[in-house]
Amino acid sequence: MDLEKTPEIAKTIFGDRLPLAEKYAALLGRDGDTLGLIGPRELPILWSRHILNSAVVADLVEPGETVADVGSGAGFPGIPMAIKRPDIQLTLIEPMERRANWLANVVVPDLGLTNVEVLRARAEEAPVDRYDVVTARAVSALPKLVKMLEPLARKGGKILAMKGSKAAEEIAETKPLASKLGLETFEIVTVGENILQDPTTVVRIGLR
Ligand SMILES: C[S@@+](CC[C@H](N)C(=O)[O-])C[C@H]1O[C@@H](n2cnc3c(N)ncnc32)[C@H](O)[C@@H]1O
């Protein structure tokens, strides 16, 4: 299937880093199906459903913060965030060898991303109390996800979980874990509202 053409709005989102985002899209178009990184049906919606929705999550990260993206897969949301924001440091945590190797040996060097490191590991094996922000998309339902993500964040850090229309329900199911895990605040935040046709819904959890 054909790769989606770069949408006009991508220039607004990535500015002069747009060529890097286009190179990432081209690498996914070339390797995504053969290496099992992304389904062929995703290629015609690669920008609108994946790259742009991921990039805008970076708007919720403060300058200079460190971010761990857990279960990054083919690099979502971590790679678009790293392209958009060279001032933040991303660690992509992905246990599957094929995916982690593609990120580390193809995407990072081909794009020359100096603000990205790849850790081939499960979240449970990753450094604890380390990152300002921990992100995830399509890894697990929120109650299980917070148990995986919370240990990685520093005191007072935050979790940004990309979620869909069930965000409020998932928060309700997660609240019983709040005091045990130090989950202090829960918010549903919409990012890219004024520029994306399908803005991104993020559950932002502030940690004690
Ligand atoms: C459905 S994919 C989503 C990939 C990417 N985040 C995206 O949105 O396209 C889920 C990913 O989570 C990874 N994963 C599963 N269990 C994990 C764990 N315990 N720690 C870290 N990553 C995990 C899988 O290897 C897989 O790449």
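One-based numbering, in listed order, for ligands and for the atoms of each. Given the structure is predicted, the values throughout are model-derived calculations rather than measurements. Numbers here are sequence positions counted from 1.
The one candidate from Gln89, Lys84, Arg85 that meets the side chain to side chain donor-acceptor pair (under 3.5 Å) condition with Asp87 is Arg85.
Salt-bridge annotation for Arg120 and Glu94: absent, with no side-chain N of the basic residue lying under 4.0 Å from a carboxylate O of the acidic one.
Applying the ring pair (Phe, Tyr, Trp, His ring centres under 6.0 Å) test to Phe76 and every residue at least two apart in sequence or in another chain returns Tyr24, His50.
For ligand 1, the 4.0 Å heavy-atom shell contains residues Val70, Gly71, Ser72, Gly73, Phe76, Glu94, Pro95, Arg99, Arg122, Ala123, Glu124, Arg137, Ala138, Val139, Met148.
Judged purely by atom type and a 3.5 angstrom limit, Asp132 has no side-chain atom pairing as donor or acceptor with the backbone of Gly157. The backbone N or O of Asp110 sits less than 3.5 Å from a side-chain atom of Lys23, completing a donor-acceptor pair.
Using a 4.5 Å heavy-atom threshold, the side chains of Thr91 and Thr66 count as separate.
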